[in-house]
Structures are given as C-alpha cells and as structure tokens.
A.B. asks: 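Here it is, the structure, as structure tokens.
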Amino acid sequence: MALPLSYYQNEDVVFLARDLLGKILVTNIGGIITRAIIAETEAYAGEVDKASHAYGGRRTNRTEVMYKSGGVTYVYLCYGMHNMLNIVTGPAGIPHAVLIRGIILEDGVGAARKRTGKNLKKGQLIEGPGNTTKTLGITREHNGLSLNGHELWLEDGGFTAHPVNILASKRIGIDYAGKDALLPYRFRLK
DNA sequence: GCCTGGATCCAT
DNA sequence: TGGATCCAGGCC
C-alpha cells in the first residue's frame with residue numbers, strides 16, 4: 001500500500017526527513033519492480049534555506065515542481081551526470097523537499113545489478129544520491145511524478161526508526177550555504 | 001548569449 | 001585530488 005498523499009503534506013520537512021528513514025521506496029520502471037529501504041535523507045527547507053534550490057522564493061522551470069503540494073518527485077541533474085531524487089513535501093506554495101541520499105536494496109537485485117554494473121546484493125547499503133537513483137532506475141524523466149502513481153511510490157512496512165538509531169549531522173556538498181550549511185538536516189540509520 | 005560551478009562519484 | 005559532463009541560473 002502506497003503512503004497517502006496527505007502524509008507528505010506535513011509542513012515540518014525536518015520531521016519528514018527523519019520519518020522517511022525506514023520507509024520502502026518502490027520503482028516500477030517498464031514493469032521492473034525494485035524495492036529499497038530509505039537509509040539516508042536530507043531536508044531542504046524551501047525559501048528560507050540557503051542550500052535549497054528554492055531559496056529566497058526562487059521560482060524557475062526547474063524549481064517549479066517544488067512548489068506543488070507534497071507527494072511528487074523532484075529529480076534534477078547534478079554535476080552533468082547524476083540524477084538526484086527528492087520528495088516534495090508540505091502544502092502547495094511551500095517548496096520543501098527531502099533528498100534521498102541512501103537506500104538498502106531489498107528486491108529487484110537483478111535489475112539493480114544491470115543498471116549499475118556492480119555485483120549488488122540483497123540487503124546492501126547503497127550510499128550517495130547519485131548511486132541511489134542509478135540503482136533504482138530513476139532519471140529526470142521521473143521528475144514531477146505523483147507518489148500516488150504507478151512508477152514511483154513509498155510504502156510503510158519497512159520500520160519506524162527509533163531516535164537512538166538515527167544519526168543527525170550537517171548536510172553534504174553545500175558549503176556555499178553559509179550558516180545554513182551547519183544545520184543538522186542530514187539523517188542516517190545507524 | 002556567455003560563463004560559472006554544482007544537494008556527486010570514482011579512479012588516481 | 002582531479003576529471004567526467006551538462007545545464008541552470010546569474011549576469012552582460
């Protein structure tokens with residue numbers, strides 16, 4: 001069962017970034033199902049967060065999807081080669097997003113091996129947002145998809161991470177964000 | 001229209 | 001530590 005869209009409309013993006021740990025992320029790419037547990041996330045707090053693409057209310061073709069009502073994907077290209085998957089959260093007009101930075105591969109190992117060229121195993125931790133999308137078969141073609149659809153969705157039924165099993169730290173690769181670079185918005189399962 | 005650099009990854 | 005690779009966003 002996919003999580004209801006109402007789940008994503010919580011205004012507290014930092015809460016959601018933590019809560020998404022342990023949830024199951026499922027892709028159906030051309031009929032091939034891949035399932036993985038979310039193991040690492042980062043919160044991007046919309047207009048007030050210097051690290052966010054929507055900082056200062058920036059509204060462009062790329063960021064437009066961030067302003068939608070929570071429960072859609074935001075996928076963009078980074079460094080000319082890596083697709084980055086975000087979950088848009090919050091009510092319409094509030095451009096919050098959660099970056100998925102790491103997963104634990106559960107099902108669809110064969111497809112994941114083919115996509116990555118690596119000898120991946122069930123239960124293996126996949127680190128890094130670029131590696132995450134590559135493993136799951138996500139590209140920019142999956143930008144703006146509803147998480148209520150048939151290609152990409154989340155399920156409960158992984159587990160709910162206990163606070164003592166969550167590591168909070170500052171975010172990666174956003175040194176340009178000044179003070180905001182120090183915010184403890186990165187969450188990992190221990 | 002041009003230029004800069006990036007929410008990365010991997011080999012060196 | 002640097003190269004891959006390309007486009008968004010800022011500035012002219």
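None of the values given here were measured: they were computed from a predicted structure. Worth knowing before you read on, the calculation uses all heavy atoms, side chains too, and leaves out hydrogens, waters and symmetry mates. Every chain is numbered from 1, with letters handed out A, B, ... down the list of sequences.
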A.B. asks: Check each residue of residues 170-178 of chain A for a non-hydrogen atom within less than 4.0 Å of any atom in DNA chain B, then write out the ones that pass by number, or none.
C.D. replies: A/Ile172, A/Gly173, A/Ile174, A/Tyr176

A.B. asks: Given the ring of A/Tyr76, does A/Arg140 sit roughly above its face, with NZ or CZ under 6.0 Å from the centre of the six-membered ring and within 45° of the axis?
C.D. replies: no

A.B. asks: Does a nitrogen or oxygen in the side chain of A/His53 sit under 4.0 Å from OP1 or OP2 of B/dA7?
C.D. replies: yes

A.B. asks: Could you work out the separation of C/dT5 and B/dC2 based on their P atoms and round it to a whole Å?
C.D. replies: 23 Å

A.B. asks: Between A/Asp49 and A/Ala51, is there a donor-acceptor pair closer than 3.5 Å when you use the side chain of the first and the backbone of the second?
C.D. replies: yes

A.B. asks: What's the closest nucleotide to the side chain of A/Leu77 if the choices are B/dT8, C/dG9, C/dC6?
C.D. replies: C/dC6

A.B. asks: Under 4.0 Å, counting only non-hydrogen atoms across every strand here, what does A/Thr63 touch: a base, just sugar-phosphate, or nothing?
C.D. replies: sugar-phosphate

A.B. asks: With respect to the phosphate group of B/dA7, does any side-chain polar atom (N or O) of A/Arg101 fall under 4.0 Å of OP1 or OP2?
C.D. replies: no

A.B. asks: Students often get this wrong, so: under 4.0 angstrom with heavy atoms, is A/Arg140 touching a base, only sugar-phosphate, or nothing?
C.D. replies: sugar-phosphate

A.B. asks: Rounded to whole angstroms, how far apart are OH on A/Tyr76 and P on B/dT8?
C.D. replies: 7 Å

A.B. asks: Rounded off to whole Å, could you give me the CE-to-P distance for the A/Met84 and B/dC9 pair?
C.D. replies: 7 Å

A.B. asks: Does OP1 or OP2 of B/dC10 have a side-chain N or O of A/Lys118 closer than 4.0 Å?
C.D. replies: yes

A.B. asks: In whole angstrom, what separates A/Tyr55's OH from C/dG9's P?
C.D. replies: 16 Å

A.B. asks: Take the protein atom CD1 of A/Ile87 and the nucleotide atom P of B/dA7, then report the distance between them rounded to whole Å.
C.D. replies: 18 Å

A.B. asks: Quick check: A/Tyr44 with A/His53 (ring centres under 6.0 Å apart)?
C.D. replies: no

A.B. asks: Between A/Tyr44 and B/dA7, do the rings stack, that is, sit under 5.5 Å apart with planes less than 30° off each other?
C.D. replies: yes

A.B. asks: I'd like a table of atom pairs between the protein and nucleotides 10-12 of chain C - only N or O on both sides, under 3.5 Å - with the distance next to each one.
C.D. replies:
{"unit_1": "C/dG10", "atom_1": "OP1", "unit_2": "A/Arg58", "atom_2": "NH1", "d": "3.0"}

A.B. asks: Just the rounded figure in Å: distance from C1' of B/dA11 to CE of A/Met81.
C.D. replies: 13 Å

A.B. asks: Confirm from the modelled atom types if A/His82 and B/dA7 form a donor-acceptor pair under 3.5 Å, side chain to base only.
C.D. replies: no

A.B. asks: To check you understand the geometry: which heavy-atom pair defines the closest contact between A/Ala2 and A/Leu147, and what is its length?
C.D. replies: CB-O, 4.3 Å

A.B. asks: Can you see whether A/Arg115 engages A/Thr34 through a side-chain donor-acceptor pair at a distance of less than 3.5 angstrom?
C.D. replies: yes

A.B. asks: Could you please name the partner base of B/dA11, counting Watson-Crick and G-U wobble pairs only when both distances are under 3.5 Å?
C.D. replies: C/dT1

A.B. asks: Is there a donor-acceptor pair under 3.5 Å between the side chain of A/Arg113 and the backbone N or O of A/Leu120?
C.D. replies: yes

A.B. asks: Under 4.0 Å between a side-chain N or O of A/Asn131 and OP1 or OP2 of B/dC10?
C.D. replies: yes

A.B. asks: Is a donor on one side and an acceptor on the other found under 3.5 Å between the side chain of A/Thr63 and the backbone of A/Arg58?
C.D. replies: yes

A.B. asks: Atom CD1 of A/Ile126 to atom P of B/dT8: distance rounded to whole Å?
C.D. replies: 17 Å

A.B. asks: Might you work through the side chain to side chain contact (heavy atoms under 4.5 Å, CB included) test for A/Arg101 and A/Thr41, ending with a clear yes or no?
C.D. replies: CA-CA 5 Å; A/Arg101 288 192 57 90; A/Thr41 62; over 6 Å; no

A.B. asks: Counting only heavy atoms from other residues, nucleotides and ligands, does the tally under 6.0 Å from NZ of A/Lys179 exceed 12?
C.D. replies: no

A.B. asks: Taking only Lys NZ, Arg NE, NH1 and NH2, and the carboxylate oxygens of Asp or Glu, determine whether A/Arg35 and A/Asp107 approach each other closer than 4.0 Å.
C.D. replies: yes

A.B. asks: In whole angstrom, give the distance that lies between atom OH of A/Tyr79 and atom P of B/dA7.
C.D. replies: 6 Å

